[in-house]
Protein chains: 2
Amino acid sequence: MAYRQTEHVAQRLEENRRRILKAARELVAEGGFAKAQITAVAKRAGLATGTLYRYFPSKDDLCRQVFREVSSREMNILAGIAAADHPALDRFDLVLRTFSGRALKSRRLAYALLAEPVDVALAEERTRFRKTHAAIFARIIDDAIAEGSVSPRDSKLVAACIAGAIPTALVGPLAPETDAQGSDDVLNSIVQFCFGALGVTARQTATKTQLESRL
Amino acid sequence: MAYRQTEHVAQRLEENRRRILKAARELVAEGGFAKAQITAVAKRAGLATGTLYRYFPSKDDLCRQVFREVSSREMNILAGIAAADHPALDRFDLVLRTFSGRALKSRRLAYALLAEPVDVALAEERTRFRKTHAAIFARIIDDAIAEGSVSPRDSKLVAACIAGAIPTALVGPLAPETDAQGSDDVLNSIVQFCFGALGVTARQTATKTQLESRL
DNA sequence: TCAAAATATGAATCTATTTTCATTTTTTAC
DNA sequence: GTAAAAAATGAAAATAGATTCATATTTTGA
């Protein structure tokens, strides 16, 4: 007997795993999942093609993991806002602005997560992602109904509508091309749209910063 | 010299072309574009695989044609309503109900057109389809603003939101599973959502039939 | 009936990736 | 230094499906 994995090697393996994920993430951020071919990922990670299969059982697994890493960050941020102990409509406003603002700041990545044509495996991950958005919206809407700030309605359906509306307006072929300036207008229009959809009309606009400090 | 295409043959060719498109359409209606493999289409059309290539230069072309045939029917119906000479909000209501009602009556097909994971060629066709929806909504919203029944806003952005919201609420993983009964509720919720989003709150609900007779 | 032209056929080929695996290199313990 | 085990390698194989094309069939006009 002669070889048993040492701490040193374990660390290098862990490091390699991270490099692979990082390489894949970068490629996705640059050109969507379409550019994340196994060979390209391996090359960028500085490893041989076959080596990737010692770390991930298949391309689907690797891409799913990338999707989850990126999307769960987003979901946690939104879930945190939704769970705060504040008036539902304030949380609604902030969730909308946070979601939209982040998407506009990383458009390519948002496109990959929300709108890029992907195969079935990634479409499944995307569904989780979008279902989570809908659940977050539905929860806040239910709270708003309970508070009496929104009249009763089918919160699940309304949440699905919003979860569909925002990505369409932000990324992909139906979204307007905007610079940083236009982004603010887009954001305000989306917020206005969503509040209106809930039947809330006379809400004064607060900036995201003001809302954040209030929470 | 001996052979030159006769009318009789020309008719059979035309007939074959139609059969191929019909077979493809049926497969798509049954299992989405994923089930429309060349061999499967040929088999259903009662032709050999190679024969299809005498009628369509590639699978992408065939699928695009199928997509266009089905989607242009829908677009024409909606465009007809949008162009009618009647109050904008009546047209808006009717377009929403027609779009949603038709999608719910042919869910599988609507899923293929609006939500199924497809490759880039079909994603392009889908983009046309969705852009047309947005354009129809935008036009009506502009009319409503001109009429004074809706306060000024970014009609393009609102239209994109609506074009994203409705498909999400109707088909695909975020849509509720509904029977014929529930369909009516879904439809009314969507209409309420969209009118609210335009800032129109106190509109009495009319049925689709009432609206149609009014136009 | 015949030959020329058009049309149909479907097994074989092509294509663009992912995935494998026999071989090489590295690591470890003695 | 050596041998056993692990890890890495990358060229070759596998895959799944679209596409081709040499061959067969059908159609036509004489």
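So that the names make sense, note that chain A is the first sequence line, chain B the second, and so on, each numbered from 1.
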Enquirer: Between A/Tyr111 and A/Phe33, does the ring centre distance come in under 6.0 Å?
Expert: no
Enquirer: Would you mind reading off the distance between B/Ile20 atom CD1 and C/dT7 atom C1', rounded to a whole angstrom?
Expert: 12 Å
Enquirer: Between D/dA8, C/dT7, C/dT18, which nucleotide has the shortest distance from any of its atoms to the side chain of A/Ile38?
Expert: C/dT18
Enquirer: Using modelled atom types only, decide if a donor and an acceptor are shared between the side chain of B/Arg130 and the backbone of A/Pro173 within a distance under 3.5 Å.
Expert: no
Enquirer: On DNA chain C, does the nearest nucleotide to A/His8 precede the nearest nucleotide to A/Gln37 from the 5' side, or the other way round? Give the residue.
Expert: A/Gln37
Enquirer: Rounding to an integer number of Å, can you tell me how far A/Glu7 CD sits from D/dA6 P?
Expert: 17 Å
Enquirer: From the options D/dA8, C/dT7, C/dG10, select the nucleotide whose nearest atom is closest to the side chain of B/Arg54.
Expert: C/dT7
Enquirer: Ignoring the backbone of B/Leu47, work out which of D/dT9, D/dG10, C/dT9 is nearest its side chain.
Expert: C/dT9
Enquirer: Considering all heavy atoms of both residues, which atom of B/Ser100 and which atom of B/Leu187 are nearest to each other, and what is their separation?
Expert: CB-CG, 4.1 Å
Enquirer: If I take atom NZ in residue A/Lys59 and atom P in nucleotide C/dT18, what distance separates them, rounded to the nearest angstrom?
Expert: 4 Å
Enquirer: Please tell me if A/Thr49 has a side-chain N or O lying less than 4.0 Å from either OP1 or OP2 of D/dG10.
Expert: no
Enquirer: Which nucleotide in the list C/dT28, D/dT27, D/dT19 gets nearest to the side chain of B/Tyr53?
Expert: D/dT19
Enquirer: Between atom CZ in A/Arg17 and atom C1' in D/dA8, what is the gap in whole Å?
Expert: 16 Å
Enquirer: Thinking salt bridges, do A/Arg25 and A/Glu69 make one under a 4.0 Å N-O criterion?
Expert: yes
Enquirer: Output the rounded distance in Å from CG (A/Leu52) to C1' (C/dT20).
Expert: 14 Å
Enquirer: Find the distance A/Tyr55:OH to D/dA6:C1' and express it as a whole number of Å.
Expert: 11 Å
Enquirer: Here's a test of your reading of the structure: between B/Thr39 and B/Thr6, which maps to the more 5' nucleotide of DNA chain D?
Expert: B/Thr39
Enquirer: How close or far is atom P of C/dT26 from atom CZ of A/Arg12, stated in whole angstroms?
Expert: 10 Å
Enquirer: Measure the distance from CD on A/Glu15 to P on D/dA8 and round it to the nearest whole Å.
Expert: 12 Å
Enquirer: Counting only side-chain N and O atoms of A/Asn16, is one of them less than 4.0 Å from OP1 or OP2 of D/dA7?
Expert: no
Enquirer: Which nucleotide in the list C/dT28, D/dT28, D/dA8 gets nearest to the side chain of A/Leu13?
Expert: D/dA8
Enquirer: Just by distance, do the side chain of B/Asp119 and the backbone of B/Leu122 share a donor-acceptor pair under 3.5 Å?
Expert: yes
